[in-house]
Number of protein chains: 2
Amino acid sequence: MRRKTKRRNTTQRNAIENVFRQHERPLGVDEVLRYGRRLVASLNQSTVYRNLKILVEDGWLKRISHASLGVLYERTGKGHHHHFHCRQCNRTFELPGCALKEEDVAPDGFIVEDHDIFLFGICPSCVSG
Amino acid sequence: MRRKTKRRNTTQRNAIENVFRQHERPLGVDEVLRYGRRLVASLNQSTVYRNLKILVEDGWLKRISHASLGVLYERTGKGHHHHFHCRQCNRTFELPGCALKEEDVAPDGFIVEDHDIFLFGICPSCVSG
DNA sequence: GTGTATGCAAAGCTTTTGCATAGGT
DNA sequence: ACCTATGCAAAAGCTTTGCATACAC
């Protein structure tokens with residue numbers, strides 16, 4: 001899907017990108033809006049939605065979703081990783097690496113192209129805190 | 001969370017349960033409503049929402065969610081399994097067994113209690129079809 | 001100067017809730 | 001008979017869209 005016109009480089013989208021650079025973890029729409037307004041006070045909700053969609057389209061962000069957490073966005077290009085959700089502080093983390101052998105995971109006949117892994121438990125700071 | 005009063009055994013909830021017994025795969029709210037109406041024509045959307053919530057509370061159903069697939073409900077008590085989504089026919093399957101070693105998957109300090117695995121690819125009937 | 005991206009408000013979805021009544025016990 | 005669960009309609013989210021204007025180029 002190629003774009004016919006060049007993407008304009010707006011203050012708002014830069015702010016949104018910076019929000020993700022500042023918080024290296026998956027963020028919800030509301031968080032992007034809240035943090036983004038610290039950078040551009042006028043930032044509007046529609047603009048956030050529109051730019052999140054654009055950034056996903058451009059492959060800069062990835063959309064993830066969870067039954068209890070709703071929709072989250074995270075930066076791409078950090079290699080394959082898993083997600084860990086802390087049941088205590090309710091934050092989602094990214095864990096490097098992959099402990100899954102795709103060829104072992106599906107019965108014969110299924111062609112596995114890709115996978116997502118979501119872990120649940122308690123994160124280090126909640127364990128020690 | 002214990003219930004103070006007994007749950008009544010209604011035609012509508014029975015119908016909803018039967019929908020899941022008839023289709024042994026994760027279903028969306030719309031599918032539950034559509035198939036449920038074949039069993040109880042008057043079945044209402046609110047009733048579906050209310051009963052899905054009840055059945056999750058009672059542990060009879062589990063809620064799963066995915067960025068592109070939205071919210072799905074599936075029966076519990078079938079042992080741990082993974083999900084496979086076919087990119088061609090768009091159906092979601094349950095795959096038996098587990099190919100993940102939880103202790104290998106997270107760095108020190110993270111306590112992993114549970115996990116979900118979602119696979120993507122092509123299912124056998126789409127491969128051969 | 002031209003035309004896209006933004007802000008605002010309204011519209012569209014999906015899900016939840018209030019209320020009268022049907023129906024399970 | 002009692003009182004919960006249902007159906008209906010309204011309300012409450014969350015997300016998208018139309019339109020005038022600001023602003024990137």
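A note on names: the letters A, B, ... follow the listed sequences, proteins ahead of strands, and every chain is numbered from 1. Because the structure is predicted, anything quoted here is derived from the model rather than measured.
Taking A:His83 as the reference, A:His81, A:Phe118 meet the ring-ring contact (aromatic ring centres under 6.0 Å, His included) condition, with sequence neighbours excluded. Remark: B:Ser46 pairs with B:Asn44 by the side-chain hydrogen bond (donor to acceptor under 3.5 Å, both in side chains) rule, at least two apart or across chains. Shown here are the side chain to side chain contact (heavy atoms under 4.5 Å, CB included) partners of B:Ile117, two or more places apart in sequence or in another chain: A:Leu100, A:Ile117, B:His82, B:Leu100, B:His115, B:Leu119. The ring-ring contact (aromatic ring centres under 6.0 Å, His included) check on B:Tyr35 picks up B:His23, with sequence neighbours excluded. Take B:Phe84 and apply the ring-ring contact (aromatic ring centres under 6.0 Å, His included) test, not counting sequence neighbours, and it matches A:Phe110. For A:Asp30, there are no side-chain hydrogen bond (donor to acceptor under 3.5 Å, both in side chains) partners two or more places apart in sequence or in a different chain.
Partner B:Arg13 forms a side chain to side chain donor-acceptor pair (under 3.5 Å) with one of B:Asn51, B:Asn18, B:Thr47 and no other, that one being B:Asn51.
A distance-only check finds a donor-acceptor pair linking the side chain of A:Thr76 to the backbone of A:Gly59 [under 3.5 Å].
For the pair B:Gln45 CD and D:dC8 P, the interatomic distance rounds to 12 Å; values are reported in whole Å. When the C1' atom of C:dA5 is taken as reference, atom CD1 of A:Ile54 falls 8 Å away, rounded to whole Å. D:dC8 atom P lies 10 Å from atom CG of B:Leu43, rounded to whole Å. B:Arg13 places its CZ atom 11 Å from the C1' atom of C:dG24, with the value rounded to the nearest Å. As a whole-Å value, the separation of A:Asn14 CG from D:dA24 C1' is 11 Å. Atom pair A:Asp30:CG and D:dT15:C1' shows a separation of 13 Å (rounding to whole Å applied). Distance B:Glu57 CD to C:dT16 C1': 14 Å, rounded to the nearest Å.
Residue pairs that meet the salt bridge (Lys or Arg N to Asp or Glu O under 4.0 Å) test with at least one member in residues 37-52 of chain B, sequence neighbours left out, do not exist here. Among residues at least two apart or in separate chains, salt bridge (Lys or Arg N to Asp or Glu O under 4.0 Å) pairs with a member in residues 115-125 of chain B are B:Lys62-B:Asp116.
For the helix from C:dG1-D:dC25 to C:dT25-D:dA1, the angle separating the two terminal helix axes comes to 30°, with each axis derived from five pairs and the value rounded to 10°.
Of the side-chain N and O atoms in B:Gln12, none sit less than 4.0 angstrom from OP1 or OP2 of C:dG24. Look at A:Thr10 and you won't find any side-chain N or O under 4.0 angstrom from OP1 or OP2 of C:dT4.
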Tabulate atom names and distances for all N/O pairs under 3.5 angstrom spanning the protein and nucleotides 9-14 of chain C.
{"from": "C:dA9", "atom 1": "N6", "to": "A:Ser46", "atom 2": "OG", "distance (Å)": "3.1"}

At a cut-off of 3.5 Å, list every protein nitrogen or oxygen paired with a nitrogen or oxygen from nucleotides 19-23 of chain C, distance to 0.1 Å.
{"from": "C:dG23", "atom 1": "N2", "to": "B:Arg8", "atom 2": "NH1", "distance (Å)": "2.6"}

Please report the C-alpha distance between A:Tyr73 and A:Val29 in whole Å, then the side-chain angles of each, then the deciding distance to 0.1 Å, and finally whether the side-chain contact (heavy atoms from CB on, under 4.5 Å) criterion is met. CA-CA 8 Å; A:Tyr73 293 83; A:Val29 177; 3.9 Å; yes
Step by step, work out the side-chain contact (heavy atoms from CB on, under 4.5 Å) result for B:Gln22 and B:Leu39. CA-CA 11 Å; B:Gln22 284 170 10; B:Leu39 305 176; 4.0 Å; yes
CA sep, side-chain torsions, deciding dist, call: B:Arg25, B:Thr92, side-chain contact (heavy atoms from CB on, under 4.5 Å): CA-CA 7 Å; B:Arg25 64 180 179 84; B:Thr92 299; 6.0 Å; no
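Nearest-nucleotide mapping onto DNA chain C: of B:Asn9 and B:Val71, the residue sitting toward the 5' end is B:Val71.
To the nearest 0.5 Å, the span separating CZ on B:Arg75 from CD on B:Glu17 amounts to 8.0 Å.
Using a 4.0 Å cutoff on non-hydrogen atoms, no part of residues 32-41 of chain A comes near DNA chain D.
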